[in-house]
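Report on the following structure.
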Amino acid sequence: MIRIYNTLSQQKEEFKPIEPGKVRMYVCGMTVYDYCHLGHARVLVAFDVITRYLRHSGYDVHYVRNITDIDDKILRRADENGEVYTDLTARMIKAMHEDEAKLGVLSPTEEPCATAYINEIVAMIHKLVSSGHAYAADNGDVYFSVESYPDYGKLSKKKLEDLVAGARVDVQEAKRSPADFVLWKAAKPGEVSWPSPWGDGRPGWHIECSAMSNQCLGETFDIHGGGPDLLFPHHENEIAQSECANGHTFVNLWMHAGAIRVNKEKMSKSLGNFFTIREIFEKYAPEVVRYFLVSSHYRSQVDYSEENLAEAGHTLTRFYHALRGLVPAKDVAETAHDRQFAEAMDDDFNTAGAIAVLHAVVHEINQFRRDGDDERAAESAAVLVRLGRILGLLQQDPEAFFQADTGSELSAEDIEAMIQARADARKRKDFAEADRIRDELADKGIILDDSREGTSWRRG
RNA sequence: GGCGCGGUGGCAGAGUGGUUAUGCAGCGGACUGCAACUCCGUUAACGCCGGUUCGAUUCCGACCCGCGCCUCCA
């Protein structure tokens, strides 16, 4: 039995999909005007782990993650770059897919783009206007009337009067209420636009997700997820739109990832303190970044720091070290560790607890190896690799992980030659020379591991 | 101001009404030419004050502190 924390009820609930054995899940994806940052990576990885675990548990998961490919920021950035906006979005989508692949994030089942769903979006807005939940304003925009939906605020626990009273809500004359939000934006001269019953324009952000999820997953589905800053107003607005248009529950379970922080501040584009994934990849292997993200619970806040990433790298090294030189056994039966792992994951995807089980398996492998019991070590290695797979970790060949060339001046051949020279020196008890070689390699980031079978190396 | 989340050993980070989280670091030992890696053993914690209880880090209440959302943001 899997229990999942539901933002709507603010507690963990037993997960029961609408259709037995099937999970329909929608996660808000990127607005593609820039490269992915670590916050995006967190959401990507969190829901990737969730999808992997649900599938591992036997569910057929239909995972939809949208792409917002039309938006103010996209048009502004394209304008600044002096390029057609579709060139910008195509480039960013490609970059996002590259980043995802490096992070070991599996492709979602469907990845709808907003611009491919204009008809559905217009149809949904039409439905809302007809039923009195939305109105066309004098300026050509169409707004959702928040007052027409009594449950508004049920996800974010906000009261409408507090929102209206709040000074930060955009007070715009065309709106009937300050809390109303835009469904359709009238095109400015020269701007890209699509035709609609209210004139040429383009969709607002919130309605895209309502229309696309409706189309891809139906009017009611199991799980809707996203980043923490989407809870309000984006997800609140999605609920209002979808439930008013369809007349029944939109989503059963809402899941939100925790924020990434940098120096005690939220990492975000508006604060300008964000790191792109590719910047981080210049210093740390993608799997190390993934490990860092997976090592704490998906709902907790995590602090990005060099120390934390370095520790993640160290730990991952320990895991691969245990696997090094072993061929995982085939068809290993379920073990107590598999059950402990599942117990942790069943409890709201407790990856930190699950990783503790991985450490126990590593410990076991090392003990078997010390005792020369290669057969049992190989069996435990198989357990480690299959549990790692559920977290999207430890799927590389250990040598590939250790010796991945990060643009170092030394080739594998150079290193092997130096190791041989050191072995010769050791044989003739010229330890000064042996240590000199070891130090020289260390200076260049190569760490040697001596064992009874000989010396292996890795890039540190 | 409103709403919400959290404060766990030197650090990171789970969890629990009474029993070892886990990792890093530290300490003692084994291994090693010396190290690293690995192995064995080990120290150390639950913001503050009350309450409930045989017993609370875990439940309840007050307080202090930190954070998030309330505006586009994952």
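In this text the structure is predicted, and so the values were computed from the model without any measurement. Chain identifiers are assigned alphabetically (A, B, ...) following the order of the sequence lines, protein sequences preceding nucleic acid strands; residue numbering begins at 1 within each chain.
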Quick one: [X] [atom1] to [N] [atom2], roughly how many Å, whole number?
X: His234(A); N: C72(B); atom1: NE2; atom2: P; value: 11 Å
X: Phe402(A); N: C37(B); atom1: CZ; atom2: P; value: 12 Å
X: Asn273(A); N: C67(B); atom1: CG; atom2: P; value: 14 Å
X: Glu453(A); N: C31(B); atom1: CD; atom2: P; value: 18 Å
X: Leu316(A); N: U22(B); atom1: CG; atom2: C1'; value: 16 Å
X: Leu293(A); N: A12(B); atom1: CG; atom2: C1'; value: 14 Å
X: His297(A); N: A14(B); atom1: NE2; atom2: C1'; value: 10 Å
X: Glu306(A); N: C11(B); atom1: CD; atom2: C1'; value: 16 Å

- Item | Complement of C67(B), any strand, by Watson-Crick or G-U distances under 3.5 angstrom | G4(B)

- Item | Residue matched to C48(B) through Watson-Crick or wobble contacts both under 3.5 angstrom | none

- Rounded C1' spacing from U19(B) to G55(B) in Å: 13 Å

- Task: Determine: side-chain N/O of Gln340(A) to OP1/OP2 of A21(B), distance under 4.0 Å, yes or no.
- Result: no

- Using a cut-off of less than 4.0 Å, is there contact between a side-chain N or O of Asn366(A) and OP1 or OP2 of C39(B)? yes

- Task: Over 60° means perpendicular and under 30° means parallel, so classify the ring planes of His235(A) and Trp254(A), tilted if in between.
- Result: tilted

- State plainly whether the residues Arg436(A) and Glu433(A) are in salt-bridge range, i.e. N to O under 4.0 Å. yes

- Message: Do the side chains of Arg438(A) and Asp435(A) get close enough for a salt bridge, i.e. N-O under 4.0 angstrom?
- Response: yes

- Which is true for Ser156(A) with a 4.0 Å heavy-atom rule: it touches a base, it touches only sugar-phosphate, or it touches nothing? sugar-phosphate

- Message: Looking at Phe47(A), I'd like to know if the NZ or CZ of Arg65(A) sits under 6.0 Å from its six-membered ring centre while staying within 45 degrees of the ring's axis.
- Response: no

